[in-house]
Every structure is written in C-alpha cells, then in structure tokens.
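Since we're looking at a predicted model, the values are computed, not measured. Heavy atoms only: backbone and side chains are in, while hydrogens, waters and symmetry mates are out.
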Amino acid sequence: SRRRHTRCSGVSWARRCVQETGINAEYMGKYLKHFKRIKANKIEIVGTCLHEGQNLSGTELGPTYLRKAGLIKVLQSLGWRVDDHGDITNKLLERSSEDDESSTDDDILYYNLKHTDIIGRTCHALHKQVKEISQSENFTLVLGGDHGIATGTISGLLETYQNLKVIWVDAHGDCNIPETSPSGNYHGMPVAHLLGWFKKGVKGFEWLEPKLKPENIVYIGLRDIDEKEKDLINENNIKYFSMHHIDKYGIGGVMEQAVQYLGLDAEDAALHLSFDIDALDEKFVLGTGTRSRGGLTYREAHYICRRVVETQKLVSMELVEVNPLLDLLNQREMLHGDDKNIVGTETVCLAVELIKSAVGHTLV
C-alpha cells in the first residue's frame, strides 16, 4: 500500500524536522516519554474504509476526513515521526481462491451475517498490516471505518503482543453472536468473534484464529446493550464499567480499577485502546450512526485517553465510527486554546483531539 513518509535524519535533524515536516524534536522528551514500548518515536497510520459492518454509508470516509482535519500535523507537533500507509479499500482487495472454495454447509458456516466476505477480506488485510507495524515496535494508529475493523486490528496485534490488554470504549458491547444478533450487522459482534464465542465459521474470516482472552478486555462507557449481550457479558465474566459505574466512582476511579484489573504492571503487558466515538454523549457527536443518550462527557473521554498513556504500555489505538456524512455541515468554531492545526466539522475535530490525547498530549 502507498505510504506518506515524514522522516528526518542527520546532524541538523532537529532543525530540519521543524522546517520540513513540522516535527518538533524538542517535544519528543516532553510528550513521548510514556511510550516505553515504542522504540523509534514513530506512528504508523492505516486507514480502513469500511462501512459494511452496519447499515449506513459514511464511515468509510472517516480516514480521509480525519487526515483533512489536520491529524498528521497534530502528530508531528507532538514530536512523532509519521508513516502513513494510506487506506485499505474495497477496490484494493481481491477475492482469494480460499474465499471461493469455502464450504456452503450451513452446519459449518453462518449465513445470517451481512457482507462478511468483504468485511473478512478487509480485516485480513488490516491484520497483516498491523502485524507488520507492531513487529517493528512502532505505534499503530488505525482509522475507521466501523467497529467491525477491530477484528483485524486486535488479531494483528496479538501476533506480536501475546499479553495484549484491550480497553474498549463504547456505548455498545459489540459482543453479540450470530444467534443473538437482532440485525446481523458485524460491527455488533467483533468482541465475541475475537473471544472465540462463534460456534461456526464465517465466510471471509477463514484466516482468523481467535486469541483474545476474556480476562484481557475491559469495557468502559457501556449504556446501550442488547438483553442477550448482557447475558453473554455476565456469563463469561467480562469486566465492564457502564455509565452507572462512571457516575458512582468517577472516571478517575473507573480508570484506576481498569488499569489494576488488567495487570498492566506485568513486564510483557501491552495495551490497545479501541475507541468508538459513540461512547460520548449524543450531544457531542452528531457525526456517528448509533448515538445514545447519557454518554461520556468531553472531559471524561479525554481523561481516558490520557490515562492509558500514563500506563506506559500503550502500543496502539483505533478510532472508529466517525461518519462525516452525519456531522454538522458548518466548520467547528475555533475557541481560545483550540489546536489551530485541527480544522473541520465538530465530530471529526473531536476525534482528532482524542487521538492527540492518546498519543501523549497533556494539558500542562
């Protein structure tokens, strides 16, 4: 896939970085000091233009709009080197002979799921890309796309980090199995698929070997859960913090409990942040397809992103479910203290701000 390289080297490295790319080498020590598992102060970006995991078009435009809103400049301003691999799109994917030869036996494969052929191929391409990036010990940043892409991201990371921990920030559980899904939409199932709860195979996902352990994932922000999803979460002892817990303990208390539960003090632990923009309250995020009342505030969302950085184990992030077609048409108002590099519509700008917090930015 194509790449946009932004690298500097040589004796006058710091000066050239600022002049040629906007990278401020002086800030590397300030903002990147907590990324102990990232060796070269480099972020590698993969856009994943997928909307087939749900019913609305628009999430496939997320990666393009996040870049247009100033994402690359924001990352560089913090001291990161940026390697952008471009986007995984339907046009770049070719059907494999394995796809064509898959069984048609209903006893072996599920057939009540929508668009799994293209979703599976997209996730497989992402899996391979993420595996390559993570094995280079660079920070992986995946731009969605709907949340179905998480199967590709997390399975790829698990090839490198066997003790991978996942913080899944979302209004929804995304852990239905095909037998319980009300819609057949895959973006409501990736957690279940990664945990190995599917009882049959899925066309397009012949490559997947579920490796995520149930004790290695924590939900934060749940509030819109199907009844049978609740049963699956509780029966499998999945750790979760709903909005009720955030009200009870505060976001600081919730994050401390989550970090402690995941055992991030283990030497080989690595952390992935899977952030669905619809975790925020509906008044903050018009540009997403499954808005739900009573969600995270602006400050709570940023706190989550900054707290995971403080663990010193964060190796990757995916930001999903931004739908620019649903966002306000007007550009966001620039307020005092806003990053002037971030320009666009409200939800898109908020998504870039959250990424900024998750890659090291601090208030003071």
Side-chain angles (χ1 to χ4, degrees), residues 2-8 13-35 38 40-47 61-87 138-145 273 275 277 280 284-288 298-299 301-306 308-309 314 316-320 322-324 327-364:
R2 71 185 188 278
R3 299 189 181 192
R4 303 181 186 92
H5 298 276
T6 56
R7 298 173 177 168
C8 299
W13 176 79
R15 188 184 313 118
R16 287 180 58 204
C17 275
V18 174
Q19 293 174 347
E20 296 177 14
T21 69
I23 296 175
N24 194 330
E26 180 182 340
Y27 290 162
M28 282 189 174
K30 179 178 181 181
Y31 290 125
L32 310 188
K33 61 184 179 181
H34 291 304
F35 292 88
I38 306 303
N41 295 326
K42 182 192 287 186
I43 286 180
E44 298 197 45
I45 300 173
V46 183
L61 303 174
T64 297
Y65 277 74
L66 292 171
R67 292 189 185 95
K68 285 182 177 179
L71 175 62
I72 307 299
K73 288 183 179 180
V74 167
L75 301 177
Q76 292 171 342
S77 72
L78 298 177
W80 288 100
R81 302 170 183 175
V82 180
D83 194 351
D84 188 347
H85 293 257
D87 296 329
N138 296 326
F139 190 93
T140 305
L141 178 59
V142 177
L143 309 176
L273 177 62
F275 202 114
I277 200 72
L280 278 89
F284 296 110
V285 286
L286 292 178
T288 191
Y298 179 91
R299 290 188 299 176
H302 277 283
Y303 184 89
I304 292 169
C305 293
R306 294 189 176 112
V308 294
V309 174
L314 189 66
S316 55
M317 178 189 190
E318 62 194 341
L319 194 291
V320 300
V322 172
N323 189 330
D327 214 359
L328 289 172
L329 296 178
N330 296 331
Q331 296 285 95
R332 187 176 70 161
E333 179 184 4
M334 185 69 69
L335 299 180
H336 198 272
D338 286 347
D339 188 332
K340 292 181 173 56
N341 288 317
I342 302 176
V343 179
T345 54
E346 194 73 38
T347 307
V348 172
C349 288
L350 174 55
V352 175
E353 288 180 336
L354 291 171
I355 293 171
K356 180 180 179 181
S357 288
V359 296
H361 182 260
T362 58
L363 293 175
V364 180

Apply side-chain contact (heavy atoms from CB on, under 4.5 Å) to residues Lys68 and Val352 and explain how you reach the verdict. CA-CA 10 Å; Lys68 285 182 177 179; Val352 175; over 6 Å; no

Walk me through it: do Phe275 and Val308 pass the test side-chain contact (heavy atoms from CB on, under 4.5 Å)? CA-CA 12 Å; Phe275 202 114; Val308 294; over 6 Å; no

Using side-chain contact (heavy atoms from CB on, under 4.5 Å), reason through His361 and Asp339 one step at a time and then give a plain yes or no. CA-CA 11 Å; His361 182 260; Asp339 188 332; over 6 Å; no

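The minimum heavy-atom distance linking Thr347 with Gly287 is given by the pair OG1-N, 2.9 Å. Annotation for Pro63 and Gly144: closest pair CD-O, 3.3 Å, computed over non-hydrogen atoms. Between His302 and Leu350, the shortest heavy-atom contact is NE2-CD1, 4.3 Å. Taking each heavy atom of Gly47 and Arg67 in turn, the nearest pair found is N-NH2, 3.8 Å. Across Arg332 and Glu353, no two heavy atoms sit closer than the pair NH2-OE2, 2.9 Å. Between Ala358 and Met317, the closest heavy-atom pair is CB-SD, 3.4 Å.
Contact of the Glu44 side chain with the Val46 side chain is not registered, since no non-hydrogen atoms from C-beta on lie closer than 4.5 Å. In this structure, the side chains of Tyr31 and Asn41 stay at 4.5 Å or more apart for every pair of heavy atoms. In this structure, the side chains of Leu354 and Ile277 come closer than 4.5 Å at one or more pairs of heavy atoms. Inter-residue side-chain proximity for Asp83 and Asn138 is flagged as unmet; no heavy-atom pair is nearer than 4.5 Å. Side-chain contact between Ile45 and Ile72: present, with at least one pair of heavy atoms (C-beta onward) separated by less than 4.5 Å. With a 4.5 Å cut-off on side-chain heavy atoms, Thr64 and Asp87 count as touching. For the pair Asn341/Lys356, no side-chain contact is recorded, criterion being any heavy-atom separation below 4.5 Å from C-beta on. Put simply, the side chain of Leu286 does not reach to within 4.5 Å of the side chain of Glu346, judged on heavy atoms.
The aromatic rings of Phe35 and Phe139 lie perpendicular to each other, with more than 60° between the two planes, well past the 30° mark.
Once rounded to the nearest 0.5 Å, the distance linking NZ of Lys73 with CD1 of Ile342 reads 12.0 Å. A distance of 7.5 Å separates NZ in Lys33 from OG1 in Thr362, rounded to the nearest 0.5 Å. Taking CD1 of Ile43 as the start and CG of Leu71 as the end, the distance is 8.0 Å to the nearest 0.5 Å. Here the straight-line distance linking atom NZ of Lys42 with atom CG of Leu32 works out to 14.0 Å at 0.5 Å rounding.
By the side chain to side chain contact (heavy atoms under 4.5 Å, CB included) test, Ser316 pairs with Thr140, Leu157, His272, sequence neighbours left out. Scanning for side-chain hydrogen bond (donor to acceptor under 3.5 Å, both in side chains) contacts around Thr345 gives Asp327, with sequence neighbours left out. Not counting sequence neighbours, His34 has no partner by the ring-ring contact (aromatic ring centres under 6.0 Å, His included) test. Remark: Tyr303 pairs with no residue by the ring-ring contact (aromatic ring centres under 6.0 Å, His included) rule, at least two apart or across chains. Looking at residues two or more places apart in sequence or on another chain, you find no side-chain hydrogen bond (donor to acceptor under 3.5 Å, both in side chains) involving Asp338. Taking Leu61 as the reference, Tyr65, Pro324, Leu325 meet the side chain to side chain contact (heavy atoms under 4.5 Å, CB included) condition, with sequence neighbours excluded.
Atom CG of Leu329 has 12 or fewer neighbouring heavy atoms from other residues, nucleotides or ligands inside a 6.0 Å radius.
Just one of Asp84, Val82, Leu75 meets the side-chain contact (heavy atoms from CB on, under 4.5 Å) condition when paired with Leu141; it is Leu75.
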